[in-house]
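So the structure is just underneath, and the comments pick up after that.
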Amino acid sequence: MHFELSEEQNAIYDLVVGFMADKWSGDNRRQGLDSYPCQIPGELLREVADLGFYGISLDENSGGGGEPLLTSALIAEAAGGGLFPSLLTTTLVAAKALDLCDADSNWLAKVISGQQTVAIAIEEPNGCWGLDSIELTPQMDGQGGYLSGSKILVSDGDFAQVFLVAALLPDGPAFIRVNANAEGVEINSMRRLDGQSIVELEMKDVRFEQDDVLGDGAILNQVYDIWTVLIAADLLGNAQSVLRMTTDYAKERQQFARPIGSFQAVAHRLADIQVDVEIGRSLLYGACLALEEESDEATALVSAAKAWMNDLGVNAAETGLQLHGGIGYTWELDIHLHLRQARSNAVTLGDSKYHRARVASHLMSPEY
Amino acid sequence: MDLKFSPQDEQYRERLRAWLDVNLKQHQAVSKAGDVEPVQAARDWQKTLCEGGYLGLSWPREYGGQEASLTQQVVVSEELARSGAPAPINTIGISILGPTLIQHGSEEQKQRYLPKILNGEELWCQGFSEPGAGSDLASLQTRAVAEGDHFVVNGQKVWTSLGMIADWCFLLVRTNPGAPKREGISYLLCNIKTPGITVRPLRNAGGGSHFCEMFFDDVRIPRENLVGEVNGGWHIARSTLDNERSGLSGVISIENSLDRLLQISASLNRGKERAIDSDSVQQQLAQLWIEKEGLKYLGFRNLSDQIANRPPGPAASVGKLFASRLRQKIGKAGFDIAGPLAQVGKKSPHSIARGRLQAMYFDSLGYSIGGGTSEIMQNIIAEKVLGLPRSYED
Ligand SMILES: Cc1cc2nc3c(=O)[nH]c(=O)nc-3n(C[C@H](O)[C@H](O)[C@H](O)COP(=O)(O)OP(=O)(O)OC[C@H]3O[C@@H](n4cnc5c(N)ncnc54)[C@H](O)[C@@H]3O)c2cc1C
C-alpha cells in the first residue's frame with residue numbers, strides 16, 4: 001500500500017515546472033491567438049527531447065525512461081499549468097502509440113528525439129466523439145489500399161510530418177500511417193480556441209501499403225485511454241495554476257480596507273476549487289495506476305478522471321476570471337488563456353457527457 | 001505506486017471474512033428474532049467484535065488494543081462495511097475519546113476507561129455543543145468551579161448524539177471565565193448517573209431521536225476525571241478533531257448507499273423501461289460513482305500520508321466536506337429517481353425499498369452540520385490550506 005508519488009516523480013515534476021516557467025509564458029500563447037497557430041521554436045522542442053520527456057514512460061529497451069504512465073501525466077499536468085504547447089502531450093502519446101504498435105525502432109527513436117512530429121487522427125465530422133466517431137473505411141486491395149474521407153480536431157496537425165489515422169479495416173479498427181505530404185492529403189487549420197493547432201485532415205484516394213497498418217482495436221482503445229488521461233492531467237494542472245494565481249491575488253488585492261480573500265463569498269469559492277483539485281488529483285493517480293495494472297475498471301476510471309477534470313478545468317478558470325474582477329476580463333491577464341485551454345481540452349477526446357456515459361455502461365455491465 | 005495489500009494482510013482479511021461469516025450471521029439472527037432489546041443487542045455485537053480482536057486496532061495492547069498496522073485497520077473497515085455489519089455502537093468513544101485519552105490521559109485514566117470503551121461496557125457521548133456555542137465552540141459557557149477534590153458543573157449541552165443511552169459523557173467546560181476563550185476550557189469525564197444531570201431526547205428532522213439535550217445542575221465531578229491540565233481542554237479537544245474528520249470508512253458506507261441506489265434504479269419501472277435505462281438517470285449515477293471513486297482515492301492518498309507518519313491536519317477537512325456533499329447528492333438523487341413515490345410512507349405497499357430512500361435522504365442532511373459544518377470546513381480550507389486571511393474577528 002503506497003499511493004503517493006515517488007521521490008523521482010516529485011523531482012521530475014519540479015524540474016518540468018521550472019523548465020517551463022523558464023522557457024515559456026502566456027505571451028507565446030497570446031501571439032498564437034493573433035497569428036495562428038501558436039508557434040513553437042524548434043530549439044525548444046529539441047530541449048524537451050534532450051530532457052528525455054517524450055519517451056519517459058516507455059520501456060528502457062524501447063529507448064525510454066522506464067517510468068510509469070503517471071510520470072507522463074505529471075509532465076502533462078505541468079504543461080497544462082504552464083500553458084505549455086500541447087505538442088508535448090501529443091508527442092508523449094504518439095511515442096506510446098508507436099511503442100504499443102511495435103513500430104520500427106528507428107521511427108520511434110525519431111519521435112522520441114523530437115526529429116519527427118506524429119499526430120493522431122481519431123474524430124470525424126459525424127457528430128460523435130471519441131472512439132464512437134470512427135467510421136472511416138478504406139478501400140482495400142491486395143497490398144494495402146486507399147483512404148478517402150476526413151478527420152477533424154487533429155491536435156498539432158499543423159506541425160505533423162506523419163499522421164496515425166484511425167480507421168475500420170476488415171479485421172477491425174487500426175491505425176494507418178499517412179504522410180503529411182502524401183498525394184491526396186490536404187491539411188486545413190481549424191484554429192483552436194486557445195491559439196493551438198488543430199486541423200482537418202482531408203484524404204482523397206490516399207495510398208497506403210500493408211506495412212502502413214499498425215495496431216488493432218485493443219491498442220486503439222489503449223492509446224485513446226492514455227491520451228485521455230494525459231488531457232485530464234493537463235486540465236488538472238490548468239485548474240491548479242488558476243487556483244494559485246487567484247489565491248495569490250485574493251491575498252493582495254484590497255477592497256473595503258481588507259484583502260478580498262477575507263470575504264467568504266470569495267474564500268469559499270476558492271476552498272471549493274481546492275477540494276475539487278484534490279479529488280481530481282486522486283482520480284488522476286487512480287486512473288493511471290489502473291491503466292498501468294490493466295485493471296478491469298481502467299476505462300471507467302479514465303473516463304471518471306476526464307469527466308471530472310473537464311468540469312473542474314472550466315469551473316476553475318471561470319471562477320478565477322470572476323474573482324479577479326475587471327482585470328480578470330482583460331487580454332493581458334493569463335486567465336482567459338487558461339479558460340480557453342480548459343474549454344478546448346474539456347471537449348477534446350470526449351466531453352463530460354460522453355465520459356459519464358462510458359462510466360454508466362461500466363456500472364450497468366454484468367461484471368459490476 | 002500500488003494499492004496492494006501484503007500477503008499477511010490478505011490472510012488477515014480471509015480470517016476476518018470467515019469470522020464475519022459466522023459471527024455476523026449470529027448477530028443478525030438475534031436482532032431479527034427481536035428477543036433482545038436493540039441497544040443490548042448492539043452492545044453484544046460490539047463485545048463480539050472486541051473479543052474477535054477487531055476493535056481498537058491502533059490502540060496499545062495494554063489497554064485492550066491490537067497494535068495492528070494501518071493496512072490491517074483498512075482491511076477491517078473495508079470488510080466490516082462491505083459485509084453490511086453494523087458499526088460498533090460506541091463509535092464516539094472509540095473514534096474520539098479513545099485517541100484523546102491515549103494521547104493526553106493519565107495512566108490511571110487509560111487503564112480505567114479504555115478497555116470498557118472497546119468492549120462496549122461503557123457507552124460514551126460527546127458533550128461539546130451548547131445552545132450558544134456550536135461553530136464557535138470555544139465560546140462555550142457551561143461552568144465548572146473547583147471545590148476541594150471536585151468540579152461543580154452548571155450549564156447545558158445540546159445535540160448530544162446517543163445521549164439517551166450513554167453511560168458516560170466527555171465534556172468541555174469553562175473553568176476560567178476571565179481568560180481568553182480558548183485558554184479557560186477544561187476537559188472532563190462525567191458519569192451520566194451523577195446527581196443533577198437531566199437528559200432529554202430531541203427528535204431529529206428525520207423523525208428519529210438519536211440526539212439529546214443535557215442539563216447540568218450542581219453536578220459534582222471528581223477531580224481525577226479531569227483530562228490533562230486545568231484550562232488546557234481546548235487544545236486536547238482540537239487534537240482529535242482531525243481524527244473525527246479523516247478516515248476511509250465513510251467511503252465504504254457511501255459506496256453501499258450508491259449500490260443500493262443503483263439497485264433501486266434498476267428495479268423501478270418507468271412505463272416500458274426501467275428508471276436506470278434513462279439517459280439522465282445514467283448520467284446522474286455515473287457522476288455519483290465518479291465522485292465516490294475520487295473520495296476513495298483521496299482516502300488512499302491520506303492513508304499513505306499516515307503510513308509515512310504525516311498527520312492529516314487541516315486537509316482532513318477536504319474529505320469531510322466532500323463526503324458530506326456526496327452523501328447529500330446521493331440522498332437527493334434517490335428522490336429524483338424515485339419521483340412522486342419517494343414521498344410514500346414505508347408502510348404503504350407503494351413505498352420504495354421500505355422507506356430506505358427517505359432515511360438515506362434525511363441521514364445525509366445531518367452530515368454537513370455534525371462534526372463541524374460545511375461552511376466551517378470551507379473556512380478551514382481557505383485559511384489553513386490556502387493561507388487566505390481570516391474572514392472574521394475571533
Ligand atoms: C447529526 C448531528 C449530530 C451531532 N452530534 C453532536 C454530538 O454528539 N456532540 C456535540 O457536542 N455536538 C453534536 N452536534 C452539534 C454540531 O456539532 C453543531 O450543530 C455544529 O457544530 C453547528 O453548530 P450550531 O448548530 O450551533 O450552528 P451554528 O454555529 O449556529 O451555525 C448556523 C449556520 O451558520 C453557519 N456559520 C456559523 N459560523 C460561521 C462562520 N464563521 N462562517 C460561515 N458560516 C458560519 C453554519 O455553517 C451554519 O450553516 C451534532 C449535530 C448534528 C446535526
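Proteins come first, then strands; the chains are lettered A, B, ... in the order of their sequence lines, and each starts at number 1.
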For A/Asp234, the side chain to side chain donor-acceptor pair (under 3.5 Å) test, sequence neighbours excluded, returns A/Gln341, A/Asn345

For residues B/Ala286 and A/Ala360, report the shortest heavy-atom separation together with the two atoms involved.
CB-N, 4.0 Å

Do other residues, nucleotides or ligands put more than 12 heavy atoms under 6.0 Å from the CD1 atom of A/Ile327?
no

Tell me, side chain or backbone of B/Leu70 under 4.5 Å from chain A's heavy atoms, or both, or neither?
neither

Proximal component of A/Leu284, with respect to chain B [non-hydrogen, under 4.5 Å]:
neither

Do you know which of A/Leu70, A/Leu301, A/Leu5 has the most heavy-atom pairs with chain B at a distance under 4.5 angstrom?
A/Leu301

Side-chain heavy atoms of B/Leu303 within contact of A/Phe3, under 4.5 Å
no

Per-residue contact mode, B/Leu262 against chain A (heavy atom under 4.5 angstrom)
side chain

Return the option, out of A/Ala300, A/Ala307, A/Pro68, with the maximum number of heavy-atom pairs under 4.5 Å with chain B.
A/Ala300

Smallest heavy-atom separation, B/Ile381 atom then A/Val275 atom, equals CD1-CG2, 3.6 Å

Please tabulate, one pair per line, the donor and acceptor atoms of chain B and chain A that lie under 3.5 Å from each other, or say none if there are none.
from: A/Met1; atom 1: N; to: B/Lys4; atom 2: O; distance (Å): 2.8
from: A/His2; atom 1: N; to: B/Asp2; atom 2: O; distance (Å): 2.8
from: A/His2; atom 1: O; to: B/Asp2; atom 2: N; distance (Å): 2.9
from: A/Phe3; atom 1: N; to: B/Ser304; atom 2: OG; distance (Å): 2.8
from: A/Glu4; atom 1: OE1; to: B/Arg310; atom 2: NH2; distance (Å): 2.4
from: A/Lys251; atom 1: NZ; to: B/Leu386; atom 2: O; distance (Å): 3.0
from: A/Arg258; atom 1: NH2; to: B/Ser391; atom 2: O; distance (Å): 3.4
from: A/Gln264; atom 1: NE2; to: B/Asn379; atom 2: OD1; distance (Å): 3.1
from: A/Gln264; atom 1: NE2; to: B/Ser391; atom 2: OG; distance (Å): 3.1
from: A/His268; atom 1: ND1; to: B/Gln378; atom 2: OE1; distance (Å): 3.1
from: A/His268; atom 1: NE2; to: B/Asn379; atom 2: OD1; distance (Å): 2.6
from: A/Asp272; atom 1: OD1; to: B/Arg325; atom 2: NH1; distance (Å): 3.2
from: A/Asp272; atom 1: OD1; to: B/Arg325; atom 2: NH2; distance (Å): 3.0
from: A/Asp272; atom 1: OD1; to: B/Gln378; atom 2: NE2; distance (Å): 2.9
from: A/Asp272; atom 1: OD2; to: B/Gln378; atom 2: NE2; distance (Å): 3.3
from: A/Glu278; atom 1: O; to: B/Arg301; atom 2: NH1; distance (Å): 3.1
from: A/Glu278; atom 1: OE1; to: B/Arg301; atom 2: NH1; distance (Å): 3.0
from: A/Glu278; atom 1: OE1; to: B/Arg301; atom 2: NH2; distance (Å): 2.9
from: A/Ser282; atom 1: OG; to: B/Leu298; atom 2: N; distance (Å): 3.4
from: A/Ser282; atom 1: OG; to: B/Arg301; atom 2: NH1; distance (Å): 3.0
from: A/Glu293; atom 1: OE2; to: B/Lys4; atom 2: NZ; distance (Å): 3.3
from: A/Lys353; atom 1: O; to: B/Gln283; atom 2: NE2; distance (Å): 3.0
from: A/Arg356; atom 1: NE; to: B/Gln283; atom 2: OE1; distance (Å): 2.7
from: A/Arg356; atom 1: NH1; to: B/Gln287; atom 2: OE1; distance (Å): 3.3
from: A/Arg356; atom 1: NH2; to: B/Gln283; atom 2: OE1; distance (Å): 3.3
from: A/Tyr368; atom 1: OH; to: B/Asp259; atom 2: OD1; distance (Å): 3.1

State, with a plain yes or no, whether a side-chain heavy atom of B/Leu386 is found less than 4.5 Å away from one of A/Leu243.
yes

Restricting to salt bridge (Lys or Arg N to Asp or Glu O under 4.0 Å), what partner residues turn up for A/Glu123, sequence neighbours left out?
none

Apply side-chain contact (heavy atoms from CB on, under 4.5 Å) to A/Ala250 and list each qualifying residue two or more places apart in sequence or on a separate chain.
A/Ile260, A/Val266, A/Leu270, B/Leu388

